[in-house]
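See below for the structure under consideration.
Order of appearance sets the numbers: ligands from 1, and atoms from 1 within every ligand.
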Amino acid sequence: MSIMTRRGFGGGLVAGSGLLLAGCDALVSAPRARALVQGAEQATQRWQRLVGRDALAREFSAADISPVFKANGTIAPVEPGYQAHAAANFVDWRVRVSGLVERPLSLSLAQLQALPARSQITRHDCVEGWSAIGGWAGPPLALLLNAAGVKASARYVVFLCADNYGGKADEGGLKSRTRYYESIDLVDAWHPQTILALRLNNAALDVAHGAPVRLRVERQLGYKHAKYVEEIMLVDDLASFGSGRGGYWPDRGYEWYAGI
Ligand SMILES: Nc1nc2c(c(=O)[nH]1)N[C@H]1C(S)=C(S)[C@@H](COP(=O)(O)O)O[C@H]1N2
Ligand SMILES: [Mo]
């Protein structure tokens, strides 16, 4: 792991202030019973918190990186708006930080790229039973939260994605598709390995893996790692999103806290 400070951060993220600166190859099977009882979910979360709020997920060396990192879920968003951004190499992509914050932000990709980035080589575990080791890099979420100023009433961070999932476009199922979203609590939000990844294995994120920006929340399972992030919303309650369970897959029965 390493923290590299990128040159050329010109400030201006928050109305010109410098607030942001102040502030399977190795196919490891990770089978998870889909219907884990809630007690077990809470036990995992409690155990992780006992071990340490900032305990790090294991990090690997470059030699461990999987030759192929499988892409899963949405791998090519069909939404016209997204496709226009992709065609323009995401120059106009913005990530908003909204909700219970003192200073809502709207950050361009260039601004995100100019922030200090964290690099980490970690293992991604999908509930479907595959894993892959990849090297991710991007600004810690904490930097953005500091810049925005999280209000005391905030309890969760919700990630709203550009893709709709479920149903098949060719079956006229577009209506049954719902916006992919995920959420984490503030402990994971401030965790040092929680980053907005802009790069995978030393290259800009490709569309399949969530271009131009996706969440990495390394102590949790794959479905928590929201791709195509366009809005990061601080909230005190998850009830108003989807079916109210805090994520696309949690709404369909998966654990909300998907601790590994
Ligand atoms: N926006 C969005 N994020 C998503 C998904 C998705 O379908 N849409 N799938 C999730 C699942 S189940 C997994 S395992 C990982 C896959 O990430 P990858 O495609 O980079 O392997 O993304 C997660 N994040
Ligand atoms: Mo997954």
Honestly, is Arg252 close enough over Tyr254, meaning NZ or CZ under 6.0 Å from the six-membered ring centre and within 45° of the axis? no
Please set out all donor-acceptor pairs under 3.5 angstrom arising from side-chain atoms of residues 231-239, sequence neighbours excluded.
| residue | atom | partner | partner atom | Å |
| --- | --- | --- | --- | --- |
| Glu231 | OE1 | Arg96 | NH2 | 2.9 |
| Glu231 | OE2 | Ser98 | OG | 2.7 |
| Asp237 | OD1 | Ala239 | N | 2.7 |

Using a strict cut-off of under 4.0 Å between a residue heavy atom and any atom of ligand 1, list the qualifying protein residues by chain and number.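 Contacts of ligand 1 under 4.0 Å: Phe69, Lys70, Ala71, Asn72, Gly73, Thr74, His124, Cys126, Trp130, Cys161, Asp163, Tyr165, Tyr180, Ala208, His209, Arg214, Gly222, Tyr223, His225, Ala226, Lys227, Tyr228.
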Any side-chain donor near an acceptor of the partner, Tyr181 and Asp251, under 3.5 Å: yes
Identified salt bridge (Lys or Arg N to Asp or Glu O under 4.0 Å) counterpart of Glu230 within the set Arg214, Arg179, Arg94: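 Only match with Glu230 under salt bridge (Lys or Arg N to Asp or Glu O under 4.0 Å): Arg179.
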Rounded at 0.5 Å granularity, tell me how far CH2 in Trp136 sits from NE2 in His209.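 So the gap between those two atoms works out to 6.0 Å.
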Hey, do the aromatic rings of Trp93 and Tyr82 have their centres closer than 6.0 Å? yes
